Amino acid sequence: MYDYYIGGKNHFAADRALADAALVHWPSGRMGLRENRRFLGRAVRYLAGEAGIRQFLDIGSGLPTVGNTHEVVSKIHPDARVVYVDNDPMVELHSQGILDESGRVSVLCADLRDPDSILGHPAVRELIDPAEPTGLLMTAVLMFVADSDDPWSLVARYVRETRSGSYLSLSHLTDDAKPPLAVDGFRRVFDHATQQMHFRSKAQIARFFDGLEVIPPYAGATPAITYSGLWGAEDVQLADSDGSRWLY
């Protein structure tokens, strides 16, 4: 569905049908998720460029689509390593095409709710050096994790496994200042999907960054979380729209 929203080619008829049903309640959703994809690109460029990160753990990466993490990073550090993680077996299958002979990109099928299965996986042990800072990416994935699974503790566990100087880049759907009927209708579309949707407030999303140093989201701003469409934007006023405000 995400791939369909952002203009990719790896999706099926069932994905398109459910995605279109969601857009009935969420007309700015397509733009919101495209803005979120652009946020991922800006965040990865920042981490690889200004922060000098050379290894990335991309959890909840989804199907290969436009602007994959390793493609963005390799333009800055050709020797960078990236491990993609997703709990959909189709992702692992369709991602074989992005693997090359360098061995610097790996894809594994695992669930972020089981950190041991990811952190202890041979691909992670091989490519992610615990002695180096890591770029930990969780883009639009924690909204599929229920409160009962304590997503905050899960994120904290992954953060603890990275050394000082690492970065967490995260985005998450919010229902802040959104029409309740639209939010409820969009959420109900996922009632019978493989994963349900969980909207969270700015305060709840900020908790994922507890204990971390938050960087300014754009030039002239104070350190804080912000809408994904605005983070790293060159022209914040131009970037601000209904679509850009669906995720923090």
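As the structure is a prediction and not an experimental result, all values here were calculated from the model.
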Legend entry - Atom pair OG/CZ of S74 and R104 - distance to nearest 0.5 Å: 9.0 Å
Legend entry - From CD1 (I128) to OG1 (T162), nearest 0.5 Å: 10.5 Å
Inset, instruction - Taking all non-hydrogen atoms of both residues into account, name the closest pair between S201 and Q204 and its distance. - result: N-OE1, 2.9 Å
Inset, instruction - Flag the pair V236 / T226 as yes when at least one side-chain heavy-atom distance between them is below 4.5 Å, and no otherwise. - result: no
Legend entry - Check: Q237 main-chain N/O paired with D240 side-chain donor or acceptor under 3.5 Å: no
Legend entry - Path from L212 to Y158 over hydrophobic side-chain contacts below 4.5 Å: yes
Inset, instruction - Go through the steps to decide whether I215 and W231 satisfy the test side-chain contact (heavy atoms from CB on, under 4.5 Å), and finish with yes or no. - result: CA-CA 10 Å; I215 63 173; W231 196 97; 3.7 Å; yes
Inset, instruction - Report the C-alpha distance between V72 and R45 in whole Å, list the side-chain angles of each, state the deciding distance to 0.1 Å, and finish with yes or no for side-chain contact (heavy atoms from CB on, under 4.5 Å). - result: CA-CA 7 Å; V72 177; R45 282 191 293 273; 3.4 Å; yes
Legend entry - Steps toward side-chain contact (heavy atoms from CB on, under 4.5 Å) verdict (R37, Y5): CA-CA 10 Å; R37 189 68 181 185; Y5 282 136; over 6 Å; no
Legend entry - V145 versus P151, closest heavy-atom pair with distance: CG1-CB, 3.9 Å
Legend entry - Minimum-distance pair of heavy atoms, taken over all atoms of A51 and Y167: CB-CE1, 3.5 Å
Inset, instruction - Assess the pair F208 and W152: is the distance between their ring centroids shorter than 6.0 Å? - result: yes
Legend entry - Sub-4.5 Å side-chain heavy-atom contact between F39 and L247: no
Legend entry - D58 and S61: side chain donor to acceptor below 3.5 Å: no
Inset, instruction - Spell out, yes or no, whether L154 and L119 are grouped together once hydrophobic residues are joined by side-chain heavy atoms under 4.5 Å, including indirect joins. - result: yes
Legend entry - Any Y84 side-chain heavy atom under 4.5 Å of L137 side chain: no
Legend entry - Stepwise side-chain contact (heavy atoms from CB on, under 4.5 Å) check, T174 with K202: CA-CA 7 Å; T174 184; K202 183 177 184 178; 5.7 Å; no
Inset, instruction - Determine, using the 4.5 Å side-chain heavy-atom cutoff (strictly less than), whether I205 and L168 are members of one ILVMFWY cluster. - result: yes
Legend entry - A224 versus V214, closest heavy-atom pair with distance: N-CG1, 3.6 Å
Inset, instruction - For the pair R200 and D147, find out whether any cationic side-chain nitrogen is under 4.0 Å from an anionic carboxylate oxygen. - result: yes
Legend entry - Any P133 side-chain heavy atom under 4.5 Å of R163 side chain: yes
Legend entry - Backbone of V73 reached by a side-chain donor or acceptor of K75 within 3.5 Å: no
Legend entry - Side chain proximity check, F144 to M197, heavy atoms < 4.5 angstrom: yes
Inset, instruction - Evaluate the ring planes of Y227 and Y248, with Trp represented by its six-membered ring, and classify them as parallel (under 30°), tilted (30 to 60°) or perpendicular (over 60°). - result: parallel
Inset, instruction - State the CG-CD1 distance between D111 and I59, to the nearest 0.5 angstrom. - result: 10.0 Å
Legend entry - Check: T134 side chain, Q55 main-chain N or O, donor-acceptor pair, under 3.5 Å: no
Inset, instruction - Determine the minimum heavy-atom distance between N36 and A140, stating which atoms define it. - result: ND2-CB, 3.6 Å
Inset, instruction - Indicate, with yes or no, if L136 and V44 share a hydrophobic cluster defined by side-chain heavy-atom contacts under 4.5 Å among Ile, Leu, Val, Met, Phe, Trp and Tyr. - result: no
Inset, instruction - Taking only Lys NZ, Arg NE, NH1 and NH2, and the carboxylate oxygens of Asp or Glu, determine whether D20 and R16 approach each other closer than 4.0 Å. - result: no
Legend entry - Hydrophobic cluster identity match, M138 and I225, side-chain contacts under 4.5 Å: yes
Legend entry - Sub-4.5 Å side-chain heavy-atom contact between D175 and R187: yes
Legend entry - Interatomic distance, E35 atom CD to L230 atom CG [nearest 0.5 angstrom]: 8.5 Å
Inset, instruction - Using a strict 4.0 Å threshold on nitrogen-to-oxygen distance, state whether D116 and R157 make a salt bridge. - result: yes
Legend entry - Nearest heavy atoms of H198 and H172, plus distance in Å: O-CE1, 3.2 Å
Inset, instruction - Measure the OG-CZ distance between S106 and R81 for me, rounded to the nearest 0.5 Å. - result: 12.5 Å
Inset, instruction - Nearest 0.5 Å please: distance from the CG atom of L112 over to the CG atom of L142. - result: 6.0 Å
